[in-house]
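This structure is a prediction, so every number in the text was calculated from the model and none was measured.
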Amino acid sequence: MKLTVLGGGGFRVPYVYQALLSDQGSPRIDDVWLYDTDPARLKAMAEVLARFADGHADAPRVTVTTSLDDALEGSDFVFAAIRVGGLEGRVCDERVALDLDILGQETTGPGGLAYGLRTIPVMLDIAHRVRRLAPHAYVINFTNPAGMITEAMQTVLGDRVLGICDTPSGLGRRIATTLGLDPSRAQFDYVGLNHLGWMRRVLHDGEDILPRLLADERLGDLEEGVVFGREWLRDLGVIPNEYLYYYYFNREAVRSILDAPQTRGEFLARQQQEFYQRVTEAAGGSAVSLWRKTIADRSANYMAEAKGAVQGEARAEEDFRPDPAHQGYAGVALSVMAAISRNERATMILNVRNGTTVSALPGDAVVEVPVTVDANGVHPLTITQPDLSQAGLMQQVKAVERLTISAATTGSRADAAKAFSLHPLVDSVTVGRKLLDGYIDRIPEVAAVFGGHTS
């Protein structure tokens with residue numbers, strides 16, 4: 001089977017390839033195509049994968065290309081993990097908002113809307129190409145903002161597009177392991193949108209273990225305990241997705257990011273430039289060690305503003321507990337492919353079409369909920385409906401996402417202005433309009449969306 005990775009020069013690619021190396025099922029992926037617009041990044045990542053393949057006689061063959069159509073043609077699965085505008089765009093996503101004392105973050109708040117505006121047209125073009133060149137392929141979307149991008153692509157490919165984020169399932173695993181329990185025996189009751197959801201129950205051998213954790217002092221050892229504090233988690237009675245920190249502690253988050261010497265995007269831009277320069281000069285197995293060191297530094301500084309750290313600041317080794325999220329992305333993706341291609345039925349949390357799952361949202365909205373995946377596709381599970389506070393926030397953010405999709409596909413500045421102004425983290429229409437103008441002025445790919453359109 002053929003797997004195409006869009007954004008093939010990206011940092012998550014080795015995780016996916018390592019997962020494929022360990023897969024002994026049949027049929028399996030034996031043909032991997034890496035597509036990227038940057039030949040140097042492709043060359044560097046191909047070198048890392050080649051080192052991982054050493055000693056594996058049946059390692060999937062790897063082809064690199066800058067031709068999108070060649071990469072897609074005849075694919076069985078497509079992983080989409082691209083960044084339109086590069087890290088320079090991400091830096092602008094952050095800084096335009098921070099200059100107005102509004103949260104500047106990659107996916108949450110106005111930065112995520114700007115990212116979506118410039119990414120949706122590109123992803124819709126990819127969706128049309130997939131329909132033409134690989135009509136039976138499933139698209140597994142990693143591209144952020146994942147829920148918004150998945151929803152836009154579903155207008156072309158329907159349920160053959162699903163979105164992956166490992167944060168919810170990673171949260172469930174951490175809850176189980178914090179209590180010394182086997183996470184493979186746990187079932188998760190989770191509801192939300194991408195980067196906006198709540199773990200409401202964790203069933204282990206039929207018992208909901210979440211109340212036990214909330215009452216336990218070990219709650220403070222949980223990553224979400226560090227982010228939100230034990231008192232707030234106990235007040236809520238649920239464990240929120242860590243990205244809800246930006247909603248529940250917005251003032252603190254903005255102040256922490258403003259006080260830092262650099263944003264997350266600025267840190268990653270510098271780090272990636274150094275990595276790709278060094279890996280092209282590396283010889284043999286040192287390419288792998290460089291990748292591992294870079295990944296460790298990235299993980300150690302993830303959501304630094306929520307954990308009392310400084311972005312880009314080195315952390316003591318004993319303070320660094322690697323988050324398995326990126327490995328989890330690859331594991332979830334492999335489970336999806338095995339379920340579809342080999343009917344290895346699996347349950348996981350994905351971004352999928354709502355249908356009747358969440359009654360407070362439209363049927364064609366994409367939600368992040370537990371699903372079963374098998375050879376017949378993706379099937380959302382029946383869940384308890386969200387409470388009023390959860391449903392209200394989900395509705396408001398979903399309305400903003402849909403306005404952003406409309407603006408990206410029609411060029412409507414009015415819809416874009418409404419999207420920015422109605423976001424829960426933007427406190428005035430005046431600021432919303434300034435945000436839109438700032439992104440248009442500073443990011444060419446956003447400006448291109450509105451070329452020739454005035455309303």
Start with the C-alpha gap between R201 and D208, add the side-chain angles, then the distance that decides, and say whether salt bridge (Lys or Arg N to Asp or Glu O under 4.0 Å) holds.
-> CA-CA 6 Å; R201 291 190 306 160; D208 181 8; 5.2 Å; no

Closer than 3.5 angstrom, by distance alone: can the side chain of [X] be matched with the main-chain N or O of [Y] as a donor-acceptor pair?
| X | Y | value |
| --- | --- | --- |
| K43 | G9 | no |
| D23 | A19 | no |
| T150 | G147 | no |
| R160 | Q154 | no |
| T143 | A80 | yes |
| K398 | L193 | no |
| R129 | L72 | no |
| D30 | P60 | no |
| H204 | R185 | no |
| R342 | P27 | yes |

So [Y] and [X], do their side chains get closer than 4.5 Å, heavy atoms only?
| X | Y | value |
| --- | --- | --- |
| V352 | D159 | no |
| S341 | D76 | no |
| F420 | L113 | yes |

For residues F52 and W291, establish whether the separation of their ring centroids is below 6.0 Å.
-> yes

Please confirm whether F267 and Y302 have ring centers closer than 6.0 angstrom.
-> no

Who passes side chain to side chain donor-acceptor pair (under 3.5 Å) against E207, sequence neighbours left out?
-> R212

Going by atom types only, do [X] and [Y] share a side-chain donor-acceptor pair under 3.5 Å?
| X | Y | result |
| --- | --- | --- |
| S169 | D166 | yes |
| S184 | D182 | yes |
| Y246 | E305 | yes |
| E94 | T263 | yes |

Quick one: pull up [atom1] in [X] and [atom2] in [Y] and give me the separation to the nearest 0.5 Å.
| X | Y | atom1 | atom2 | result |
| --- | --- | --- | --- | --- |
| L381 | M348 | CG | CE | 10.5 Å |
| I126 | L133 | CD1 | CG | 12.0 Å |
| L334 | I140 | CG | CD1 | 9.0 Å |

Hey, mind stepping through I175 and L210 against side-chain contact (heavy atoms from CB on, under 4.5 Å) and telling me if it holds?
-> CA-CA 8 Å; I175 290 172; L210 196 55; 3.9 Å; yes

Salt bridge (Lys or Arg N to Asp or Glu O under 4.0 Å) between R292 and D297, worked out | CA-CA 9 Å; R292 286 177 170 151; D297 290 343; over 6 Å; no

Would the number of heavy atoms belonging to other residues, nucleotides or ligands and lying under 6.0 Å from [atom1] of [X] be above 12?
| X | atom1 | result |
| --- | --- | --- |
| E73 | CD | no |
| R345 | CZ | no |
| E274 | CD | yes |

Check the pair Q272 / R298 against side-chain contact (heavy atoms from CB on, under 4.5 Å), numbers first and verdict last.
-> CA-CA 10 Å; Q272 286 200 16; R298 288 162 64 94; 3.3 Å; yes

With the threshold set at 4.0 Å, does a side-chain nitrogen-carboxylate oxygen contact exist between [X] and [Y]?
| X | Y | answer |
| --- | --- | --- |
| R270 | E266 | no |
| K2 | D31 | no |
| R90 | D93 | no |
| E106 | R83 | yes |
| D189 | R200 | yes |

Please identify which of these residues, [options], meets the side-chain contact (heavy atoms from CB on, under 4.5 Å) condition with [X].
| X | options | result |
| --- | --- | --- |
| L20 | R28, M337, H56 | M337 |
| L34 | L49, T63, T66 | L49 |
| V139 | V130, V156, L162 | V130 |

For a quick test of reading the model, state the closest non-hydrogen atom pair linking [X] to [Y] and the distance between them.
| X | Y | value |
| --- | --- | --- |
| L435 | P110 | CD1-CB, 3.8 Å |
| I440 | A447 | O-CB, 3.4 Å |
| L157 | A127 | CD2-O, 3.6 Å |
| G10 | M45 | O-CE, 3.4 Å |
| G74 | A134 | N-CB, 4.2 Å |
| V84 | R118 | O-NE, 2.7 Å |

Which pairs pass ring-ring contact (aromatic ring centres under 6.0 Å, His included) with one or both residues in residues 153-196, sequence neighbours excluded?
-> H195-Y243

Should Y35 and V5 be marked as a side-chain contact (heavy atoms from CB on, under 4.5 Å) after you check the CA-CA gap, both sets of side-chain angles, and the distance that decides it?
-> CA-CA 6 Å; Y35 163 80; V5 182; over 6 Å; no

Audit row: V367, N351, side-chain contact (heavy atoms from CB on, under 4.5 Å) steps and yes/no | CA-CA 5 Å; V367 294; N351 288 270; over 6 Å; no

Does the pair D221 and R218 meet the rule for a salt bridge (Lys or Arg N to Asp or Glu O under 4.0 Å), with working shown?
-> CA-CA 5 Å; D221 298 331; R218 285 175 290 180; over 6 Å; no

Would you please classify the geometry between the F249 ring and the F228 ring as parallel, tilted or perpendicular, with 30° and 60° separating the classes?
-> tilted

